[in-house]
Amino acid sequence: MNRVVVVGASVGGFATAEALRGLGFRGRITLIGEEAYLPYDRPPLSKQVLTGEFAPHEVLLRPAERMDALELELELGVAATGLDVESRVLRVANGPVLYDALVVATGVRPHPFPGAEGVRGVHFVRTLEDALALKENLRPGRRLVVVGAGFVGAEVAAVARGLGVEVTVFEPEETPMGRVLGPVVGATLADVHRARGVDLRTGVVVREVLSFGGQVLGVQLMDGTEVPADVVVVAIGCTPNVEWLRDSGLRLSDGLSCDEFCEAAPGVYGVGDVARWHNPLFGYSMRVEHRTNAAEQAFAVARNLVDPEARQPFAPVPYFWSDQYDLKIQSYGHLRDHDEVVVVEGDLRSRRFVAAYRKGDHLAAVVAVNANPKTLRSWRAALAARQQWQDIAA
């Protein structure tokens with residue numbers, strides 16, 4: 001193997017390249033990114049970048065001199081357009097690229113709100129440019145509407161309130177983050193936002209983003225109510241960036257479908273938000289849109305590329321965190337499609353607790369708010385051991 005090409009220069013793609021060098025690979029590594037920036041970190045975009053705590057250069061994953069030491073062939077501001085798996089040829093905007101191994105780490109993009117494309121004052125939070133543009137609009141006394149109360153929407157709302165912005169959040173589900181966290185934990189977080197002055201309206205659907213002369217004016221709800229706004233943030237989920245792979249013959253199913261080794265086809269691997277892989281620890285496929293998973297998956301793929309004779313399945317206990325006000329929300333495991341949730345430590349009222357999630361007969365995940373790190377480690381161990389639910393419930 002002489003050349004590894006990585007498509008996608010965010011956390012997953014860059015971590016793959018860095019891990020390859022760290023594991024001794026001395027061949028060519030080409031890192032291709034659609035954005036013109038050096039690889040940077042995304043979690044601070046909805047937090048420290050919006051507050052001004054971090055300047056743009058402070059979100060770079062590595063300073064320029066450390067990037068140089070990795071001896072990467074950087075192709076930034078270049079989009080992938082197609083792939084010939086059999087010939088091992090990647091097509092990009094400026095010509096074909098041959099590879100021995102290809103790592104797909106093209107991530108996801110936000111769902112647009114129909115009819116709001118190009119309207120000034122309507123924002124997403126996915127790229128550094130997105131965050132910097134939104135930051136300029138979050139000033140005291142301004143009116144912000146957030147469409148969607150998932151983790152990104154909730155984090156933006158929390159930051160905006162801290163900046164003195166008037167915030168209204170609309171969420172079609174009955175609780176924020178309810179599909180993931182469940183109604184009990186979701187309702188607890190809703191109470192926190194409302195106590196901080198957020199006008200959080202759940203079970204409400206936004207019909208239209210209102211504008212005049214290309215400038216946002218507010219939103220209209222399904223019942224016809226109009227809510228004025230100076231700024232609107234759309235946070236209604238993401239779509240995996242796989243369109244460029246449609247003619248490749250690879251299986252695409254809510255992302256790039258991969259096996260337990262994160263391999264989609266001979267010589268083609270998936271890493272990060274775009275990859276749906278079979279996690280043998282849990283026994284089903286999953287796609288995880290969180291930074292820690294991208295970094296861990298990148299190392300696993302790099303290790304298997306460097307030493308294919310000793311390759312190992314990627315079987316992590318997924319982890320994510322979210323900072324909202326004075327709450328540190330952390331989770332281990334896989335929350336989606338759980339069957340039951342029980343608070344097993346602490347209590348909801350104190351905002352310091354651990355909730356356990358059941359899927360079938362096993363512990364599937366835990367969510368902890370302001371928990372002791374030692375406590376979290378013990379729950380992670382229980383998940384890694386695939387602990388039976390009856391042992392938890394007892």
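These values consider heavy atoms only, across backbone and side chains, with no hydrogens, waters or symmetry-generated copies. All figures in this text were calculated on a predicted structure; none of them were measured in a lab.
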| request: Report yes or no: do Thr127 and Glu35 form a side-chain donor-acceptor pair below 3.5 Å? | output: no

| task | Mind running salt bridge (Lys or Arg N to Asp or Glu O under 4.0 Å) on Lys328 and Asp323 for me, showing each step along the way? | result | CA-CA 5 Å; Lys328 182 74 171 184; Asp323 295 322; 3.2 Å; yes

| task | Mind telling me whether His193 and Tyr325 have parallel, tilted or perpendicular rings, with 30° and 60° as the class edges? | result | perpendicular

| field | Step-by-step salt bridge (Lys or Arg N to Asp or Glu O under 4.0 Å) determination, Glu18 to Arg62 | value | CA-CA 10 Å; Glu18 186 174 51; Arg62 299 290 181 270; 2.8 Å; yes

| So with a 6.0 Å cut-off around CG of Asp247, is the heavy-atom count from everything else above 12? | no

| Counting heavy atoms not belonging to Asp223, are there more than 12 under 6.0 Å from its CG? | yes

| Nearest 0.5 Å, what's the OG-CH2 distance between Ser331 and Trp379? | 12.5 Å

| message | With a 4.5 Å cut-off on side-chain heavy atoms, are Arg3 and Thr30 touching? | response | yes

| query | Has the side chain of Arg161 got a donor or acceptor atom that lies under 3.5 Å from a matching backbone atom of Val165? | reply | yes

| note | When rounded to the nearest 0.5 Å, the distance separating CG of Leu210 from CD of Gln215 is 12.5 Å

| query | Taking the side chain from Thr202 and the backbone from Glu174, do they hold a donor-acceptor pair closer than 3.5 Å? | reply | yes

| Is a side-chain N or O of Arg21 found less than 3.5 angstrom from the main chain of Phe25, in a donor-acceptor match? | yes

| message | Under a plain distance cut-off of 3.5 Å, with no hydrogens placed, do Arg276 and Ser253 share a side-chain donor-acceptor pair? | response | no

| Transitively linked via ILVMFWY side-chain contacts under 4.5 Å: Leu200 with Met222? | no

| query | Would you say the side-chain atoms of Asn241 pair up with the backbone N or O of Thr106, donor to acceptor, closer than 3.5 Å? | reply | yes

| message | Can you give me the closest heavy-atom contact between Ala80 and Leu90, atom names plus distance? | response | CB-CD1, 4.2 Å

| Over all atoms of both residues, closest heavy-atom pair of Val205 and Pro172 | CG2-CB, 3.9 Å

| note | Smallest heavy-atom separation, Glu345 atom then Thr375 atom, equals OE1-CG2, 3.2 Å

| query | Any side-chain donor paired with an acceptor under 3.5 Å for Thr168 and Arg201? | reply | no

| Sub-3.5 Å donor-acceptor pair from the side chain of Gln297 to the main-chain atoms of Gly272, do we have one? | yes

| message | Same cluster or not: Val271 versus Leu83, using hydrophobic residues (I, L, V, M, F, W, Y) connected whenever any side-chain heavy atoms lie under 4.5 Å apart? | response | no

| request: Answer whether the closest heavy-atom distance between the side chains of Phe124 and Val233 falls below 4.5 Å. | output: no

| Quick one: do Leu376 and Trp321 end up in the same hydrophobic cluster if we chain Ile, Leu, Val, Met, Phe, Trp and Tyr together by side-chain heavy atoms under 4.5 Å apart? | yes

| Between CD of Glu340 and NZ of Lys359, what distance do you get to the nearest 0.5 Å? | 13.5 Å

| task | Please name the pair of heavy atoms, one in Ile236 and one in Pro112, separated by the smallest distance, quoted to 0.1 Å. | result | CD1-O, 3.7 Å

| Between the side chain of Arg126 and the main-chain N/O of Val108, is any donor-acceptor distance below 3.5 Å? | yes

| query | Any idea which heavy atoms bring Pro316 and Phe282 closest together, and the distance? | reply | O-CE1, 3.5 Å

| task | Using atom types as modelled and distance alone, determine if a side-chain donor or acceptor of Arg143 lies under 3.5 Å from a backbone N or O of Val167. | result | no

| Is the backbone of Gly346 close enough, under 3.5 Å, to the side chain of Ser350 for a donor and an acceptor to pair up by distance? | no

| Taking the side chain as C-beta and beyond, is there a heavy-atom pair between Met1 and Leu305 under 4.5 Å? | yes

| task | Answer yes or no: does atom CD of Glu117 have more than 12 heavy-atom neighbours from other residues, nucleotides or ligands under 6.0 Å? | result | yes

| With a 6.0 Å cut-off on ring centres, are Phe314 and Trp277 close enough? | yes

| task | Please step through side-chain contact (heavy atoms from CB on, under 4.5 Å) for the pair Glu75 and Asn94, ending with a clear verdict. | result | CA-CA 10 Å; Glu75 297 284 347; Asn94 56 358; 3.9 Å; yes

| request: Report the distance from atom CZ of Arg91 to atom OG of Ser248, rounding to the nearest 0.5 Å. | output: 9.0 Å

| Arg179 atom CZ: more than 12 heavy-atom contacts under 6.0 Å | no

| field | Leu134 vs Asp130 side-chain heavy atoms within contact, under 4.5 Å | value | no

| message | Other residues, nucleotides and ligands only: do more than 12 of their heavy atoms fall within 6.0 Å of CD on Glu58? | response | yes

| field | salt bridge (Lys or Arg N to Asp or Glu O under 4.0 Å) between Glu263 and Arg311, intermediate numbers included | value | CA-CA 11 Å; Glu263 192 171 26; Arg311 70 176 189 163; 2.9 Å; yes

| Greater than 12 external heavy atoms within 6.0 Å of Arg386's CZ | yes

| Using a distance-only test with no angle check, is there a side-chain donor-acceptor pair under 3.5 angstrom linking His362 and Gln387? | no

| query | Are the charged groups of Glu243 and Arg109 less than 4.0 angstrom apart, N to O? | reply | yes

| task | Any chance you could measure Leu245, atom CG, to Arg251, atom CZ, to the nearest 0.5 Å? | result | 14.5 Å

| message | Between Tyr284 and His334, is the ring centroid distance below 6.0 Å? | response | yes

| Asp254/Arg287 ion pair, N-O < 4.0 Å | yes

| said: Checking Ser322 against Gln324: is there a side-chain donor and acceptor pair closer than 3.5 Å? | reply: yes

| request: For the residue pair Ile329 and Val367, establish whether any side-chain heavy-atom pair is separated by less than 4.5 Å. | output: yes

| message | Using the rule that Ile, Leu, Val, Met, Phe, Trp and Tyr join whenever any side-chain heavy atoms are under 4.5 Å apart, tell me whether Val288 and Val152 fall into a single cluster. | response | no

| request: Tell me whether Val268 is reachable from Val5 by hopping between hydrophobic residues (I, L, V, M, F, W, Y) whose side-chain heavy atoms are closer than 4.5 Å. | output: yes

| field | Working for side-chain contact (heavy atoms from CB on, under 4.5 Å), residues Val7 and Val104 | value | CA-CA 5 Å; Val7 187; Val104 176; 5.5 Å; no

| query | Is any side-chain heavy atom of Leu132 less than 4.5 Å from a side-chain heavy atom of Pro56? | reply | yes

| Can you name the closest pair of heavy atoms from Ala355 and Val185 and give their distance? | CB-CG2, 4.0 Å

| request: Check whether any side-chain heavy atom of Leu189 sits under 4.5 Å from a side-chain heavy atom of Leu327, and report yes or no. | output: yes

| said: Could you measure the distance from the CD atom of Glu289 to the SG atom of Cys238? Nearest 0.5 Å is fine. | reply: 5.0 Å

| Backbone N/O of Ala133 and side chain of Asn137: donor-acceptor pair under 3.5 Å | yes

| query | Taking the side chain as C-beta and beyond, is there a heavy-atom pair between Arg246 and Leu252 under 4.5 Å? | reply | yes

| request: Using modelled atom types only, decide if a donor and an acceptor are shared between the side chain of Asp100 and the backbone of Asn2 within a distance under 3.5 Å. | output: yes

| request: Take Glu155 and Lys47 through the test salt bridge (Lys or Arg N to Asp or Glu O under 4.0 Å) and record every step on the way to the result. | output: CA-CA 7 Å; Glu155 289 177 357; Lys47 298 180 276 288; 3.1 Å; yes

| query | Taking the six-membered ring where the residue is Trp, are the ring centres of Phe320 and Phe151 under 6.0 Å apart? | reply | yes

